[in-house]
Amino acid sequence: MALWSGRFEKDMDELVKKFNASIPFDQRLYNEDIDGSIAHVTMLANQGIVTEDERDEIIKGLEEIREEIRESIYEASDGAMISPLFSYEDEDIHMAIESRLIGRIGETGKKLHTARSRNDQVQLDCRLYLQKKIGMIAAALIKFENIILDKARDYVDVLMPGFTHIQHAQPITVGFYFMAYFQMFKRDLERLKDCYSRMDYSPLGSCALAGTTFPIDRHETAAMLGFSGPAENAMDSVSDRDYMIEFLNAAAISMMHISRWAEEFTWWNASEFSFIDIDDSFCTGSSIMPQKKNPDMAELLRGKCGRVYGDLMALLTVMKGTPLAFNKDFQEDKERIFDAADTWVTSIEILAKMIEHSHFRQDVLEAQLVHGFLNATDVAEHLAQEGIPFREAHELVGRMVRLCEEKTLENKEIVSEGDAGSGEGKPAGYVYGLEDLSDEDLAQIDERLSKKLLGDISIRACVDARKSFGGTAPSEVMRQIEVGRSWLAEFTENEE
């Protein structure tokens with residue numbers, strides 16, 4: 001019979017026992033559960049609720065059980081932590097440890113559960129567990145951010161097309177591109193820190209929902225366990241799962257960032273782009289096509305995002321109709337946070353390694369810069385600076401683009417008739433850009449236009465000129481890198 005079975009005449013149905021048990025997955029909380037129990041019994045002794053000898057006997061028994069579990073536990077293929085010491089008869093990790101303690105030290109072990117409930121116990125374990133996981137995830141993100149900063153510095157002067165609507169838009173640097181992702185993962189770190197601050201209150205001593213008549217000191221246990229203080233309201237503290245939902249939300253947003261980058265790398269690895277070279281150690285081949293080099297890790301990272309979305313939606317759905325205070329529905333929370341935490345930290349580590357060992361192909365990027373009139377916006381802005389109203393400048397540049405497209409098409413037609421190229425000395429297949437328009441071409445569009453008026457409209461000049469705060473000019477990207485390093489160093493120092 002279970003430790004709670006005094007009021008019952010019958011034992012649980014065997015199928016119900018298995019359905020009810022959470023020990024197959026919550027046994028990974030054994031360290032947190034024992035830490036909480038040690039803090040709790042220490043406080044009970046300090047308050048005179050148990051004797052010092054009883055405290056010492058209980059703590060000794062708990063530490064022996066901890067070591068016994070540690071030596072027996074192993075990681076299953078799905079990442080779950082499994083110990084052969086447990087079975088569904090134990091129900092959950094709290095009952096499993098307590099029953100083992102009673103079996104080991106006898107009657108004294110029955111005093112451990114004084115002035116607490118599994119309701120506050122499970123909340124304590126989950127908060128301690130997530131605090132530890134947040135530290136691991138933050139460390140992985142910090143390492144990743146350093147890799148991003150290093151890559152941004154390596155590619156600070158390398159030009160590439162920037163896209164909107166998956167079309168060539170404006171020229172940027174690869175370093176600028178990396179710094180865009182730096183900002184995304186910076187926000188992920190800030191969300192983690194914010195999430196941690198709201199879960200940093202101990203529920204221990206809230207008991208079932210209304211506190212206890214025993215003269216406990218919740219501030220003492222909170223301090224022993226490293227919390228900022230005890231949770232203010234006992235009923236809220238045992239029924240609250242907001243901190244888990246907030247953690248899952250942070251995980252889902254970060255996984256979305258990971259998925260976006262994985263999507264771009266999947267596209268850019270394709271032969272139609274060939275912008276990047278992903279290291280062989282992050283790719284797989286085909287069982288039938290010997291030439292294939294598939295970006296499977298990028299694709300798998302993209303897919304893992306949906307898994308974490310599912311964890312978030314599952315817990316939101318569990319919580320949406322639950323009344324105060326504790327409900328058995330809440331047992332569905334742990335697998336969600338375990339899965340999301342494991343998936344998140346592994347995904348960060350895989351993406352970080354893949355990014356670190358991938359290289360942008362500068363020759364391919366340079367060849368792409370002639371397509372899509374990447375300097376069109378810069379020309380329009382320059383004309384506006386020369387006194388032409390921007391909307392009028394916008395229209396003039398649009399007409400310049402159309403003329404370039406006509407000249408490119410005309411060149412193709414000449415080549416198809418057997419000529420070597422256009423009458424302007426352009427080779428076969430040449431793509432006209434705005435910088436190729438002559439004074440005669442420009443005057444045809446508007447008499448105010450001339451090559452002198454346009455000045456240097458090369459792709460390099462356009463990029464170098466975008467020095468506005470947050471822009472893509474190499475000098476501005478270097479500023480962003482320096483600010484990023486300072487912020488990351490300060491964040492890391494504060495976390496320590």
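Being a predicted model, the structure only gives us computed values, none of them experimental.
Tested against S239 for a side chain to side chain contact (heavy atoms under 4.5 Å, CB included), the candidates T322, N119, L324 yield a single pass: L324.
The shortest side-chain heavy-atom distance between R466 and Q170 falls under the 4.5 Å cut-off. The shortest distance between side-chain heavy atoms of I23 and M95 does not fall below 4.5 Å. In this structure, P474 and V463 have side chains that are in contact, with non-hydrogen atoms separated by less than 4.5 Å. Looking only at side-chain heavy atoms (C-beta outward), M297 and S281 stay at 4.5 Å or farther from each other. At a threshold of 4.5 Å between non-hydrogen side-chain atoms, the residues L62 and L101 count as touching. Side-chain contact between R361 and M160: absent, with no pair of heavy atoms (C-beta onward) separated by less than 4.5 Å. Between R336 and L248 the shortest side-chain heavy-atom distance falls below 4.5 Å. Within the 4.5 Å cutoff, side-chain heavy atoms of E190 are placed close to those of W487.
For D240 (side chain) and V238 (main-chain N/O), no donor-acceptor pair under 3.5 Å exists by modelled atom type. D92 places no side-chain N or O within donor-acceptor distance of the main-chain N or O of S22, the cut-off being under 3.5 Å. H168 places no side-chain N or O within 3.5 Å of a backbone atom of P161 that could act as its donor or acceptor partner. Between the side chain of T346 and the main chain of T343, no donor-acceptor pair closer than 3.5 Å is present. Between the side chain of R100 and the backbone N or O of G61 there is no donor-acceptor pair closer than 3.5 Å. When atom types are taken as modelled, the side chain of S274 and the backbone of S271 share a donor-acceptor pair closer than 3.5 angstrom. Under a 3.5 Å cut-off, the side chain of S254 and the backbone N or O of A250 do not form any donor-acceptor pair. In this structure, the side chain of D120 does not engage the main chain of L204 through any donor-acceptor pair within 3.5 Å. With hydrogens and angles ignored, the 3.5 Å screen pairs no side-chain donor or acceptor of S259 with any backbone N or O of M255. The closest donor-acceptor contact from the side chain of R198 to the backbone of Y243 lies at 3.5 Å or more, if one exists at all.
The CZ atom of F247 sits 7.0 Å away from the CG atom of L192 when rounded to the nearest 0.5 Å. To the nearest 0.5 angstrom, I34 atom CD1 is 12.0 Å from I59 atom CD1. From L44, atom CG reaches atom CD1 of I58 across 8.0 Å, with rounding to the nearest 0.5 Å. To the nearest 0.5 Å, atom CE of residue M319 and atom CD1 of residue I245 are 5.5 Å apart. Taking CG of L159 as the reference point, atom CD of Q368 lies at 13.0 Å (rounded to 0.5 Å). Rounded to the nearest 0.5 angstrom, D188 CG and H257 NE2 are separated by 5.0 Å.
F469 carries R479 over the face of its six-membered ring, with the cationic atom under 6.0 Å from the centre and within 45° of the normal. A cation-pi arrangement is present between K18 and Y88, with the terminal nitrogen or guanidinium carbon under 6.0 Å from the aromatic centre and inside a 45° cone about the axis.
When all heavy atoms of S358 and K151 are compared, the pair lying nearest together is O-NZ, 2.8 Å. Residues S37 and Q121 come closest through the heavy atom pair OG-NE2, 4.2 Å. Heavy atoms only, all atoms of each residue included: V477 and G471 are closest at CG2-O, 4.0 Å. Here the closest non-hydrogen pair linking P84 and S72 is CD-O, 3.4 Å. Closest heavy-atom contact between A262 and A298: CB-O, 3.1 Å. For the pair L312 and A252, the tightest heavy-atom approach, listed with the atom from each and the gap, is CD2-CB, 4.1 Å.
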Starting from the C-alpha separation in whole Å, work towards a yes-or-no answer on side chain to side chain donor-acceptor pair (under 3.5 Å) for T108 and E57. CA-CA 8 Å; T108 303; E57 187 179 4; 3.2 Å; yes
Quick one, F227 with L124, criterion side chain to side chain contact (heavy atoms under 4.5 Å, CB included). Give me CA distance, side-chain angles, the key distance, then yes/no. CA-CA 10 Å; F227 289 102; L124 175 69; 3.5 Å; yes
Working note: H94 + D33, criterion side chain to side chain donor-acceptor pair (under 3.5 Å); need CA distance, chi angles, decisive distance, verdict. CA-CA 7 Å; H94 326 295; D33 199 76; 2.7 Å; yes
Apply salt bridge (charged side-chain N to carboxylate O under 4.0 Å, His left out) to the pair K17 and D90, showing each step before the final yes or no. CA-CA 9 Å; K17 279 185 182 180; D90 291 307; over 6 Å; no
Test K293 against N269 for side chain to side chain donor-acceptor pair (under 3.5 Å), laying out the working first. CA-CA 9 Å; K293 179 181 175 181; N269 180 72; 5.6 Å; no
Residue pair L209, M235: steps toward the side chain to side chain contact (heavy atoms under 4.5 Å, CB included) verdict: CA-CA 4 Å; L209 78 162; M235 181 179 281; 3.6 Å; yes
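With sequence neighbours excluded, the residues forming a salt bridge (Lys or Arg N to Asp or Glu O under 4.0 Å) with K110 are E107, listed by chain and number. Here M313 pairs with L316 under the side chain to side chain contact (heavy atoms under 4.5 Å, CB included) rule; sequence neighbours left out. Applying the salt bridge (Lys or Arg N to Asp or Glu O under 4.0 Å) test to E71 and every residue at least two apart in sequence or in another chain returns nothing. In terms of the salt bridge (Lys or Arg N to Asp or Glu O under 4.0 Å) criterion, residue partners of E67 (sequence neighbours excluded) are, by chain and number, R70.
For the pair D194 and R191, the salt-bridge criterion is not met [side-chain N within less than 4.0 Å of a carboxylate O]. Ion pairing between a basic and an acidic side chain is recognised when a charged N comes within 4.0 Å of a carboxylate O; K334 and D26 show no such pairing. Remark: R118 does not engage E98 in a salt bridge, criterion side-chain N to carboxylate O under 4.0 Å. Checked for salt-bridge contact, E476 and K467 miss the test: no charged N lies under 4.0 Å from a carboxylate O. Between E356 and K143 there is no salt bridge, since no side-chain N of the basic residue sits under 4.0 Å from a carboxylate O of the acidic one. Salt-bridge check for D279 with K353: failed, with every basic side-chain N at 4.0 Å or more from each acidic carboxylate O.
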Under 3.5 Å donor-acceptor pairs involving side-chain atoms of residues 129-138, not counting sequence neighbours:
from, atom 1, to, atom 2, distance (Å)
Y129, OH, R28, NH1, 2.7
Q131, NE2, D200, OD1, 3.1
K132, NZ, E32, OE2, 2.9
K133, NZ, D342, OD1, 3.3

Can you give the donor-acceptor pairs under 3.5 Å from side chains of residues 176-187 to other protein atoms, not counting sequence neighbours?
from, atom 1, to, atom 2, distance (Å)
Y177, OH, W261, NE1, 3.2
Y177, OH, E264, OE1, 2.6
Y181, OH, W261, N, 3.4
Y181, OH, E264, OE1, 2.8

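Within a 6.0 Å radius of CD in E490, other residues, nucleotides and ligands contribute 12 heavy atoms or fewer. Surrounding NE2 of H394 are at most 12 heavy atoms belonging to other residues, nucleotides or ligands under 6.0 Å away.
Note: W267 and F163 fail the aromatic proximity criterion, with ring centroids not under 6.0 Å apart.
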